[in-house]
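For the single chain, residues carry numbers from 1 onward in sequence order. Ligands are counted one by one from 1 in listed order, and the atoms in each one are counted from 1 as well.
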Amino acid sequence: MKTYLITGGCGFIGSNFVRYILSNEKECRIVNLDKLTYAGNPKNLSDVDNDDRYIFVHGDICDEKVVDEIFSDYHPDIVFNFAAESHVDRSIGKPDDFIRADMFGVFTLLEAMKLHGGELFVQISTDEVYGSIEKGEFSETDPLMPSNPYSASKAGGDRLAYSYYVTYKLPVIVTRASNNYGPFQYPEKLIPLFITNALEDQPLPLYGDGKNVRDWLYVEDHCSALHFIMTNGVLGETYNIGGGNEMQNIEITRLILDHLSKPEGLIRFVEDRKGHDQRYALSINKLRQLGWEPKHDFTDGLRTTIDWYVSNNNWWRKIKSGEFREYYEQTYNLKVV
Ligand code: NAD
Ligand code: TYD
């Protein structure tokens with residue numbers, strides 16, 4: 001039986017991944033270490049709270065004592081490090097927490113595995129570490145050119161994890177996923193923000209000309225890729241995980257409005273994000289050759305996601321009436337009415 005340490009398991013992707021492992025592995029133990037920042041919500045896992053295979057520890061990945069206790073008490077075989085500050089706009093306003101969690105937090109976890117041992121350390125990185133690309137796609141050997149404090153701190157964690165493979169022979173794999181979407185995403189990111197604003201007849205604040213491009217990966221596909229890499233990936237390697245769905249932000253916005261039968265008049269073009277990367281694009285040939293492919297088509301995935309937000313309005317309404325409101329009004333200079 002494997003013991004997993006999953007950090008950041010109360011966030012968007014982490015909570016989907018905890019559920020994915022519990023549904024796919026009968027015998028396992030999962031320790032979820034989460035600081036419960038504004039983005040961490042224990043309710044994201046309320047359905048597995050009573051599962052004997054699941055243990056929640058409230059703590060910070062930067063806290064050596066907590067991390068060491070977890071390794072001493074539970075001896076995790078496999079670590080998936082999802083814990084991070086994850087929102088670009090917040091990193092532009094206040095980078096401090098990003099540098100701590102996304103770099104020093106990775107260091108603390110790596111040191112603990114170096115001391116206590118373990119089978120595999122998966123560092124969840126992002127396509128944003130490559131920076132923007134005008135044409136073509138990034139592959140794993142391309143140079144990293146991160147251009148905002150979020151992506152720069154993620155690049156630091158990404159390469160630090162690799163350095164522990166080279167220097168200390170720690171069993172590390174790094175994964176770089178494109179933009180995820182799906183259930184339980186905090187409503188500050190493009191897709192859930194626009195769905196929930198549209199449902200409330202609030203404006204949808206589109207940066208610049210709305211023509212920036214992202215590749216979209218349904219969160220369940222991300223989880224299946226990570227699970228696949230855990231058994232088929234090669235230590236020391238880096239794997240891009242993309243959804244094969246490149247879209248301009250304006251196209252996504254129109255799809256959301258159309259699906260909810262809301263007017264285009266809700267679109268509000270606002271001042272562009274500082275240092276806004278124009279386009280992200282990934283080649284997933286390396287992972288495809290190993291035998292993994294995304295299963296979800298964007299139109300279906302988006303529809304399922306919209307339906308989830310429609311059916312779970314208590315979940316996001318509670319978030320949007322809390323700290324989110326002040327953050328939102330400051331970021332966009334828009335009053336919630
Ligand atoms: P999220 O913001 O929804 O969740 C982050 C979680 O980490 C929260 O539960 C938070 O409480 C926890 N956390 C933050 N700092 C912590 C700390 N110091 N100690 C312990 N827990 C802490 O993020 P997400 O969108 O689920 O992203 C998860 C990971 O995937 C991140 O590492 C992110 O960089 C990476 N990633 C995200 C995307 C995306 O599109 N969302 C794409 C590629 C990679
Ligand atoms: P986001 O979801 O923040 O992800 P990332 O910046 O990590 O790619 O943003 C996705 C795209 O949507 C990005 O080009 C910025 C744009 N965007 C807006 O136009 N308006 C918004 O309110 C947000 C949150 C994002």
Note: K2-E25 ion pair, threshold 4.0 Å (strictly below):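 So K2 does not pair with E25 through a salt bridge.
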
**Salt-bridge present (D51, R53; N to O < 4.0 Å)** =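 Result for this pair is yes, salt bridge flagged.
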
Proximity to ligand 1 by part of [X], non-hydrogen separation under 4.0 Å:
X	answer
Y150	side chain
E128	neither
L36	backbone

Check: [X] N/O within less than 3.5 Å of ligand 2 N/O:
X	result
K189	no
Y207	yes
N249	yes
V88	no
W216	no
D277	no

Within-shell test, [X] vs ligand 1, heavy atom, strictly < 4.0 Å:
X	answer
N179	yes
Y186	no
G105	no

- Message: Could you check, using the six-membered ring where one of them is a Trp, whether W308 and W316 have ring centers closer than 6.0 angstrom?
- Response: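 Not under 6.0 Å, so no.
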
Provide, to 0.1 Å, the distance between [atom] and the closest protein heavy atom, together with that atom's residue and name.
atom	value
atom 40 (O) of ligand 1	N180 N, 2.8 Å
atom 7 (O) of ligand 2	E128 OE2, 2.5 Å
atom 4 (O) of ligand 2	N179 ND2, 3.2 Å
atom 20 (N) of ligand 2	P205 O, 2.7 Å
atom 25 (O) of ligand 1	F12 CD2, 3.7 Å
atom 3 (O) of ligand 2	R273 NH2, 2.9 Å
atom 31 (C) of ligand 1	F82 O, 3.2 Å
atom 41 (N) of ligand 1	I13 CD1, 3.7 Å
atom 9 (O) of ligand 1	D34 OD2, 2.6 Å
atom 10 (C) of ligand 1	T37 OG1, 3.3 Å

Of S151, S125, A177, P42, which has the heavy atom at the shortest distance from atom 44 (C) of ligand 1?
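The nearest heavy atom belongs to S125.
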
Given G8, A101, A84, which one has a non-hydrogen atom that is nearest to atom 14 (C) of ligand 1?
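Among G8, A101, A84, the closest heavy atom to atom 14 (C) of ligand 1 comes from A84.
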
Under 4.0 Å to a heavy atom of [X] - the qualifying atoms of ligand 1, by number:
X	result
K154	31 (C), 32 (O), 33 (C), 34 (O)
G59	19 (N), 20 (C)
I124	30 (O), 32 (O), 35 (C)
A83	7 (O), 20 (C), 21 (N), 22 (C)
D60	17 (C), 18 (N), 19 (N)
S86	1 (P), 2 (O), 23 (O)
K35	16 (C), 17 (C), 18 (N), 19 (N), 20 (C), 21 (N), 22 (C)

With heavy atoms under 4.0 Å as the rule, classify the contact between [X] and ligand 2 as side chain, backbone, both or neither.
X	result
H87	side chain
Y332	side chain
L190	both
L193	side chain

**Asked** Which of these passes side-chain hydrogen bond (donor to acceptor under 3.5 Å, both in side chains) with Y164: Q123, E111, K114, K169?
**Response**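 The single option meeting the side-chain hydrogen bond (donor to acceptor under 3.5 Å, both in side chains) with Y164 is E111.
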
task = May I ask you to decide if the ring planes of F104 and F107 are parallel, tilted or perpendicular, using 30° and 60° as cut-offs?
result =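 Plane angle between 30° and 60°, so tilted.
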
query: Using the ring of each side chain (for Trp, its six-membered ring), is F98 parallel, tilted or perpendicular to Y150, with breaks at 30° and 60°?
result: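 Aromatic pair F98/Y150 classed perpendicular.
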
Sole candidate of Y20, F17, Y4 that passes ring-ring contact (aromatic ring centres under 6.0 Å, His included) when paired with H227: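 When ring-ring contact (aromatic ring centres under 6.0 Å, His included) is applied between H227 and each of Y20, F17, Y4, only Y20 qualifies.
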
